[in-house]
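Have a look at the structure below before the remarks.
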Amino acid sequence: MAAGGGAERYFTRWYKPDVKGRPCEDFCVLQHSNRICVITLAEAHPLLQSGKTIKSVNYQISANCSRLQNKVSGKSKRGAQFLTELAPLCRISSSDGEEYTVYSCIRGRLIEVNENILSNPAILQEKPSTEGYIAVVLPKFEESKSVTQGLLTQKEYGEVLLKRLNSSS
Amino acid sequence: MSSLTEKDRPIVQLLLNTGTCPRCILRFCCVGSQMLYRHPYKELMKDLKEFLKNNQEEEDTDCFDVVDPPCKRIRLEQTEEGPDALNHNGALQQIPLVNDGNTAVENSAVKVCNVCLGILQEFCEADFVKKVCQKVNSADYQFTSFVFSVSLPPQLSVRERAAWLLVKQEMRNLGLSLAKDDIVQLKEAYKWIIHPQLSEELGVPADGKSLFEVSVVFAHPETDEECHFLATACPDCFKRAKNKQSVFTRMAVIKALEKIKEDDFLKHFPCPPGSPKNLCVAVEIQCNNGAVFVAGRYNKYSRNLPQTPWIIDGERKLESSVEELISEHLMAEFKADSFNFSSSGREDVDVRTLGSGRPFAIELVNPRRIHFTAEEMKRLQQTINNSSDKIQVRDLQLVTREAIGRMKEGEEEKTKTYSALIWTDKAIQKEDIAFLDDIKELKLDQKTPLRVLHRRPLAVRCRIIHTMKSEYIDEHHFRLHLKTQAGTYIKEFVHGDFGRTKPNIGSLLNRTADILELDVESVDVDWPPTLDD
């Protein structure tokens, strides 16, 4: 099912909830019909709940790896860092001392990370599904259909949200 | 034979004895009179005999008194061997049929020439000319001149070299000189003979610059392996074969012949060359017309029509395309094999092209029909316009190849104007959008849009929006007219493409904006020339 108006019109939404067992740390993968995927926070993510302020965004995920150093060239995006489902994209710290890791959720080549949220972390919360995106990933051509197999459709995710609501009440 | 002189006598005798045809003999005697070559074969043979007879007695003694050229000597020693004998170093060949000049040439059957393999014999005759013309006429091309191109098997160059060495040797022995450059090239002599005949049959002149090409490919499978020794002698001249094609191309063989030393050559190839059993074969007679270019401007009125056919995994996603709707009728009228469509930029499936339209040019490949008057072009334009309401064309005309360059120039340099229907999430009033009209030369930084990022490199493009004009519609809609630099992504300027195009309408209005409709109002290229209707 296609997403709302604006830039996301031709994208299908897929979800990965409770990543690495951390409750409500849900991500949304926007998949274009041309197989390009945009990784974003899902609305249920703790960082998008009221009262949270983002202190910093860090693309240095390990001593040797910074997502900011990702360089791609040519049509086939040679030189890209290759990501697996649980490859970290960035670490976000909130002012209450919590730290959250954003994961790729899909396999593919890292095309770009969003540098706008470095300079303006607020847009991550204001527009998580568009200007506040985390990264753009290009799955392998052969895997373009299968890449979303481990993810939930919008409908299935809706059921997960419902279950959470019921279990908490 | 007035063109032949005394000094030619030994060459004529030698070549005639070794199985060379009259016309090749004339070539090696550097006879430059085209007319002579056109004389009938039998007549030329008779004349050569006459020429030799005039000094018959002297000729005989000369033959044996003068030092024999080495290859001839070897031949005489080997008369015991059969006609196809080749010893292990390939330096020997058939028994010569002569000790005196007459018996050989009086054989009733015409022997295949050992140098041209029949090209200057059989393939100069009226029968072959008729065969070629039949092919041309049945192919039903429109033409006013022709160029005749011939592809000869590479072994002819090898045999030519062997004959040349033979003649050179003979001349050296007689204390005479012979310049290689004066020898008439086989292809040239062939064209001297066949052009007038073809010209007469087809009713049009031969012209090197003609766009209509009649091509014949000759082959001689019997001797194909004759070139192979060159690969061992000059291995670096021969590249590995692509696909299943032979390594021994004409160019490679010629290059090797330039490199190989005379001694090496004589070691591996019989001199004089042996007489083949069969003639060459004309394996291909083809006609081809040079491409014709048709240009014009098109309007697109459908929001459901791609520029080029949209086919994924063999399945057509949307019916038809701009290029097919335009080319279909041109292909039929010009009777071409195929077409190449190009235009000064293009628009998306869901975008209309209004105004005077977008320039395009179509290359029609190998057209059978090439002459169209301005009237006929107008009628063709009308036919195209009547066949579809999704597109319309204007200024349809024949142009030259440089047309393509003009078009690409238009795509990259010229401005375009657009009209966009824009939606906003939060309400707007007239005052909120008025300021857009005052923005001039707005610089944009556009990253490669996500919708094309799968097939384009990631880059940032700096583009300019020259002017804008807004038209308020209601609280959530307005129309925006823009004039932009070539290569600007309009849709991304409106919705921002996840913030990857900056600035964008959303950021300028501090809202979320989307584009509902886009039209190209004009493509500011003044080419092709406007035609009065």
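Here is how names work: the chains are called A, B, and so on, in the same order as the sequence lines, proteins then strands, and each is numbered from 1. All values derive from a computational prediction rather than experimental measurement. Because only heavy atoms are used, hydrogens play no part in the values below, and waters and symmetry mates are left out as well, while side chains stay in.
Residues of residues 101-122 of chain A having a heavy atom under 4.5 Å from any heavy atom of chain B, listed by number: I111(A), E112(A), N116(A). Within residues 37-50 of chain A, the residues that have a heavy atom under 4.5 Å from a heavy atom of chain B are V38(A), listed by number.
For E99(A), the CD atom is densely surrounded, since the number of other residues' heavy atoms within 6.0 Å is greater than 12. Around atom CD of E315(B), no more than 12 heavy atoms belonging to other residues, nucleotides or ligands sit under 6.0 Å away. The environment of CH2 in W527(B) is crowded: more than 12 heavy-atom neighbours from other residues, nucleotides or ligands sit within 6.0 Å. In this structure, R78(A) places its CZ atom where only 12 or fewer heavy-atom neighbours from other residues, nucleotides or ligands lie under 6.0 Å away. For R463(B), the CZ atom sits in a packed shell: over 12 heavy atoms of surrounding residues, nucleotides or ligands are nearer than 6.0 Å. Annotation: D96(A), atom CG; neighbour count of heavy atoms from other residues, nucleotides and ligands within 6.0 Å is above 12. Heavy-atom contacts from other residues, nucleotides or ligands closer than 6.0 Å to NZ of K483(B) number 12 or fewer. Within 6.0 Å of NZ in K155(A) there are 12 or fewer heavy atoms belonging to other residues, nucleotides or ligands.
Atom NE2 of residue H495(B) and atom OG1 of residue T130(A) lie 11.0 Å apart, to the nearest 0.5 angstrom. Considering CD of E131(A) and OG1 of T512(B), their distance stands at 7.0 Å, rounded to 0.5 Å. To the nearest 0.5 Å, the span separating CD1 on I36(A) from CZ on R455(B) amounts to 11.0 Å.
With a threshold of 4.5 angstrom between heavy atoms, S129(A) approaches chain B through N, CA, C or O but not through any side-chain atom. For K502(B), the part lying under 4.5 angstrom from a heavy atom of chain A is the side chain only. Residue V494(B) does not touch chain A at all, counting heavy-atom pairs closer than 4.5 Å. R500(B) touches chain A through its side chain: at least one heavy atom from C-beta onward sits under 4.5 Å away, while N, CA, C and O do not.
With chain A as partner, the option from G499(B), P457(B), G506(B) having the largest number of non-hydrogen pairs under 4.5 angstrom is P457(B). Chosen from H32(A), K77(A), R35(A), the residue pairing most often with chain B at heavy-atom distances under 4.5 Å is K77(A).
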### Query
Yes or no on side chain to side chain contact (heavy atoms under 4.5 Å, CB included) for F498(B) and V136(A), after CA distance, side-chain angles and deciding distance?
CA-CA 10 Å; F498(B) 291 71; V136(A) 176; over 6 Å; no

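Closest non-hydrogen pair, L453(B) versus N34(A), comes out as N-ND2, 4.4 Å.
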